[in-house]
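For reference, the structure is listed below as structure tokens.
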Amino acid sequence: GEEGGVDCALTPERCPAPDSSSPGAPPGGPSLPDSGVPDTSPPQVEERHQSALSTLGGEPITLRLTTRRPAGAGYRFVWEASLGTLTLPSETSSLSEVSWRLPACVPEGRTPSVRVTVSNALGLTTTSTFLVAALTCTSHSAGFLYSLAVRGDGQVWSWGRAQPPAPVADLSDVVAGLAGQWHSLAVRQDGSVWAWGNNESGQLGDGTSTASLTPVAVKNLREVVAVAASDGHSLAVRGDGSVWAWGKNKDGQLGDGGDTDRLAPGVVEGVTGVVALAAGDEHSVALREDGTVWTWGLNVAGQLGDGTTRSRAVPGRVPGLTGVVAVSANAHYTLALREDGTVWAWGRSGTRSAPDTLTPTAYGPVPVQLKGLRGVLAVSAGDGHALAVLRDGSVWAWGDNSHGQLGDGTTTYRAEPARVQGLDGVRRALAGYNHSLALREDGALWSWGANGDSQLGDDTRKDRALPGPVGGLRPTGLD
């Protein structure tokens, strides 16, 4: 409008600022800038504030954007988060602030971000992006007598079953690999899933029950961010948080309410917002972005964690467990890592490789906290043993040790976690059937335990009770 015959929209520097105490004044004080930047220019950012640059999830992060004061009407702020939730913004004409709450963990390969777009009355815009480092969700489902590693160049290498390390043919641009008992899965950069190995229950997801020695495309899947595999079934989570399942379904592990095997993926109803998966022999585990854990399938050993031993063919929440950032499963038990660095377990391990250790490793049908473990960053459930990686880079192991898979130089069973000897700087570890792998910060891969099928990748077939290097590999991930 005009003030004393002057067009204030064109020459705001000649107009007096309105009284901020008057009823018509916008919140936060005068809306006219001291610098004289008119509305005909895009909004200009003066200050950005971010209360934290990293998070373990759960705790809110305050984000604030301050612009130069607009010449006319106040600016419009639009906030968008790639992951997590945002509160309603608190705003003045030139400032907007939100609270950002992230999931307990984020899918591998995704960086949490928030973008704010500021626009004026003419539609001119300015954008600003906030980034944060968050804990990556990890899922494990161990191979039976073999191992997989994903290299930085997108190649998958495998070894075991009396074969030395070698690249998997006809497969490239892989960002994640997963070894089941008798079949394997790989996620490519384009979000497609490829599978190879045994297929008697349709676990390859290609619409057949024919085994394949080379990777085949899994049908009806796109935008996949994580996979899990076990005895005869496979799981995948898409970027939208939906879970898909296929393969063996005798005990309801596909979560569709029935017991019929499926030759191609189908969506699992009743669970959404999933960021990570794990698969036991006949049960399935999903971690939601809110830090809760959901399970379905066989429950004979209490591996569903719901306080019963009744199997269930549809997803249900594990009661009383929150703030979870990682899950792992194998055989008939499940592990969960909470954001406070504690590890919780339920079910019963040792069902195949160490039947004589069932009593010491019978956790029960409800989650129990494992003693002697604090500051844990990652967990992995093997058949009869398990591993935990601590913040200091050390690895701790417990359970069956008949092949030296605990890495303590002995073959003595351990009911409580003990440190793996001669190994530090570890960022990820995997417990297989009766062997173990660890990926160090320097990219070196180490192995120990059973080696009758060359699953340690050291050019021998001798068991080893202490860690040793796997030659010729610099992987980014392993299974």
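Below, each value reflects all heavy atoms present in this structure, side chains not excepted, and no hydrogens, waters or symmetry copies.
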What I'd like to find out is whether the side chain of [X] reaches to under 4.5 Å of the side chain of [Y], using heavy atoms alone.
X      : Y      : value
Val327 : Val293 : yes
Val227 : Val193 : yes
Asp261 : Leu254 : no
Arg115 : Ser113 : no
Glu282 : Lys250 : no
Ser402 : Thr411 : no
Ile61  : Ser99  : no

Electrostatic pair Arg317:Asp306 at N-O distance under 4.0 angstrom: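 Looking at Asp306 together with Arg317, the answer is no, because their closest N to O distance does not fall below 4.0 Å.
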Arg427/Glu441 salt bridge by N-O under 4.0 Å criterion: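 Salt bridge flag = no for Arg427 with Glu441.
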Which heavy-atom pair separates [X] from [Y] by the least distance, and what is that distance?
X      : Y      : answer
Trp448 : Leu406 : NE1-C, 3.6 Å
Ala278 : Leu235 : O-CD1, 3.7 Å
Trp244 : Asn220 : CZ3-O, 4.2 Å

Arg338 (side chain) donor-acceptor with Thr322 (main chain) under 3.5 angstrom: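 Yes, the answer is positive, given that a donor and an acceptor are paired below the 3.5 Å cut-off.
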Exam field: side chain Asn198 to backbone Trp182, donor-acceptor pair closer than 3.5 Å: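 Side chain of Asn198 to backbone of Trp182: no pair is present.
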All salt bridge (charged side-chain N to carboxylate O under 4.0 Å, His left out) counterparts of Glu416, not counting sequence neighbours: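 By the salt bridge (charged side-chain N to carboxylate O under 4.0 Å, His left out) rule, Glu416 matches no residue at all.
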Qualifying residues under side chain to side chain contact (heavy atoms under 4.5 Å, CB included), relative to Asp206, sequence neighbours excluded: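 Only Asn199, Leu204, Thr208, Val216 meet the side chain to side chain contact (heavy atoms under 4.5 Å, CB included) criterion with Asp206.
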Distance-only donor-acceptor check, side chains Ser284 and His233, under 3.5 Å: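 Yes, side-chain donor-acceptor contact under 3.5 Å.
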Derivation of the side chain to side chain donor-acceptor pair (under 3.5 Å) call for His283 and Gln253: CA-CA 5 Å; His283 76 289; Gln253 55 265 55; over 6 Å; no
